[in-house]
Asker: 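Let me give you the structure first, and then I'll get to my questions.
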Amino acid sequence: MNNRRFLDIDDTILTKNLMLPENTSNSNNLTKQSDTKPFFLIQPTPGICVKTRTDSGEKVFLNICTSDKIPPPDDIPDAKLLEIILNEKNSEFVILMSIGNERFEFDKGGSPCATYDIVINTTYFKKCQENKHFLLFTILVILDGVSNKFNKTLKDYVILKNRKVMGKLQQHKIENREPQIHMQIPKPLIEEINTPNKSNYKEQNKVSEFKNISSESDVNPKLNYVLLKQLLKGMSIHLIGIFQIPKGITSKEIEVLLNEDRIVITIDKTGLTYDLLVPYTINVTLAKCALDNNRK
């Protein structure tokens with residue numbers, strides 16, 4: 001469940017909320033450019049409605065709906081799915097989906113509840129209805145995807161028997177491009193290193209060659225990081241992110257999530273989360289991360 005793909009939808013409001021203040025002008029330019037990109041609209045078909053809750057007890061509804069315009073995942077047997085679940089490693093099996101923007105619908109008691117439309121392939125949804133293992137796996141993937149996108153912790157769920165959809169399904173505006181890869185770097189691959197306790201060393205000289213494109217310390221004192229870039233030959237750009245980690249934290253307690261334009265670092269033990277969008281396309285397969293035990 002560590003390798004997922006999500007299709008982009010028109011979520012400029014979310015993007016503006018996540019962009020760093022220093023890059024607000026760049027964000028506006030990127031938004032204008034995205035308006036000119038080719039896209040297509042899909043009208044989802046109702047499937048099932050899942051009720052879940054956040055860790056604070058807030059009720060959330062997930063409309064799992066379908067469309068033929070969403071590509072299906074590979075057709076794998078039950079044994080292969082079980083192997084993926086047990087190993088919990090990055091897998092070539094990915095479920096393409098479009099996660100809609102947040103809106104609020106009223107439950108039976110008249111209370112507004114966060115509601116999300118998630119669109120998957122029609123044929124694959126039929127397979128999920130016939131095979132409960134694929135259905136449960138897909139729901140867990142969707143819970144994980146919504147949690148990551150909207151910074152929520154969703155746990156426990158129930159499939160509503162007498163309702164296929166909560167509210168009115170919204171159209172999805174999807175960019176006509178290759179889907180992003182939402183890939184988690186496995187925790188064991190966070191290399192632990194030790195640097196000499198000297199005020200001047202080669203790594204510092206290397207960092208000085210980079211240009212600072214973002215820093216959070218002035219905006220939120222609790223978050224301390226810097227994102228540096230170096231222009232290489234052609235259109236390539238080398239990015240280095242330096243994130244302050246609390247004392248006493250090991251590499252096994254750090255979770256790093258990457259996709260083409262987003263970096264998320266989470267430490268559940270302390271509740272610390274770094275979540276930022278970058279105005280570049282990240283080559284996830286070449287990304288590396290390391291924990292410096294001396295400098296943290």
Side-chain angles (χ1 to χ4, degrees), residues 1-20 23 26-27 30-31 33-34 37 39 70-71 73-74 84 88-102 116-121 138 140-154 172-187 189-190 213-214 216 223 225 227-229 235-243 254-268 272-290:
M1 292 174 57
N2 291 332
N3 187 8
R4 255 86 74 183
R5 291 186 182 179
F6 303 98
L7 296 182
D8 281 345
I9 66 166
D10 188 18
D11 56 358
T12 54
I13 295 178
L14 175 64
T15 301
K16 290 179 181 178
N17 290 334
L18 290 175
M19 286 295 287
L20 299 172
N23 293 330
N26 292 336
S27 174
L30 290 173
T31 301
Q33 293 176 5
S34 66
K37 293 180 180 180
F39 65 88
I70 301 294
D74 294 335
I84 293 172
E88 293 187 354
K89 296 180 180 179
N90 289 330
S91 168
E92 294 299 324
F93 180 69
V94 293
I95 302 174
L96 296 179
M97 63 182 67
S98 174
I99 302 178
N101 294 326
E102 182 180 70
Y116 308 95
D117 299 338
I118 301 93
V119 191
I120 61 177
N121 175 264
T138 302
L140 292 178
V141 171
I142 291 174
L143 289 171
D144 190 30
V146 173
S147 297
N148 289 328
K149 182 170 183 178
F150 297 98
N151 194 25
K152 294 178 180 290
T153 301
L154 301 179
H172 286 222
K173 179 180 178 182
I174 301 179
E175 288 185 13
N176 192 13
R177 67 173 187 175
E178 290 295 322
Q180 293 185 356
I181 299 177
H182 188 85
M183 184 182 101
Q184 177 177 349
I185 298 180
K187 297 177 183 179
L189 295 185
I190 302 178
I213 62 173
S214 64
E216 183 74 12
L223 298 180
Y225 72 86
L227 188 61
L228 308 169
K229 76 170 181 178
M235 297 295 292
S236 298
I237 293 175
H238 188 193
L239 292 180
I240 290 183
I242 303 175
F243 301 85
I254 304 173
E255 185 177 62
V256 180
L257 297 168
L258 294 178
N259 65 14
E260 288 185 347
D261 60 359
R262 189 176 181 185
I263 303 172
V264 179
I265 300 176
T266 305
I267 304 176
D268 291 336
L272 178 65
T273 298
Y274 292 102
D275 190 341
L276 64 150
L277 294 176
V278 295
Y280 302 101
T281 300
I282 300 175
N283 188 336
V284 177
T285 59
L286 299 181
K288 297 180 181 180
C289 54

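Throughout, residue positions are numbered sequentially from 1 according to the sequence presented.
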Asker: A side-chain contact here means heavy atoms from C-beta on lying under 4.5 Å apart; do V278 and I263 qualify?
Answerer: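 Yes - at least one pair of side-chain heavy atoms lies under 4.5 Å apart.
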
Asker: Holding to side-chain contact (heavy atoms from CB on, under 4.5 Å), I want the full list of residues that pass it with T266, two or more places apart in sequence or in another chain.
Answerer: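 With sequence neighbours excluded, T266 shows a side-chain contact (heavy atoms from CB on, under 4.5 Å) to E255, V264, D268, T273, given in chain and number order.
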
Asker: Which atom pair, heavy atoms only, marks the closest approach of I95 to P73?
Answerer: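 For I95 versus P73, the nearest heavy atoms are CA-CB, 4.3 Å.
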
Asker: Do the non-hydrogen side-chain atoms of I282 and R262 ever get within less than 4.5 Å of each other?
Answerer: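 SC-SC contact between I282 and R262 ruled out.
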
Asker: Does the plane of the ring in F150 sit parallel, tilted or perpendicular to the ring in Y116? Use 30° and 60° as the thresholds.
Answerer: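 Geometry flag for Y116 against F150: tilted rings.
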
Asker: Report the residues that fulfil side-chain contact (heavy atoms from CB on, under 4.5 Å) with N151, sequence neighbours left out, ordered by chain and then residue number.
Answerer: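 Per chain and number, N151 pairs via side-chain contact (heavy atoms from CB on, under 4.5 Å) with no residue.
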
Asker: Within a strict 4.5 Å, meaning less than it, do heavy atoms of the L276 and F243 side chains meet?
Answerer: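 Yes, at least one pair of side-chain atoms sits under 4.5 Å.
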
Asker: Quickly, which of I120, V146, N121 forms a side-chain contact (heavy atoms from CB on, under 4.5 Å) with M97? Name it, please.
Answerer: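 The option that passes is I120.
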
Asker: State which residue, out of I265, I267, V256, fulfils the side-chain contact (heavy atoms from CB on, under 4.5 Å) condition with Y274.
Answerer: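 Only one of I265, I267, V256 forms a side-chain contact (heavy atoms from CB on, under 4.5 Å) with Y274, namely I265.
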
Asker: Check I99 against H172 and note the closest heavy-atom contact, atom names and distance.
Answerer: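 Between these two residues, the closest heavy atoms are C-CE1, 4.1 Å.
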
Asker: Rounded to the nearest 0.5 Å, how far does CD1 of I240 lie from NZ of K288?
Answerer: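 It comes to 12.0 Å.
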
Asker: Measuring from C289:SG to L258:CG, what's the distance to the nearest 0.5 Å?
Answerer: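 Output value for this atom pair is 7.5 Å.
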
Asker: State the CG-OG1 distance between D261 and T281, to the nearest 0.5 angstrom.
Answerer: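 Between atom CG of D261 and atom OG1 of T281 there are 7.0 Å.
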
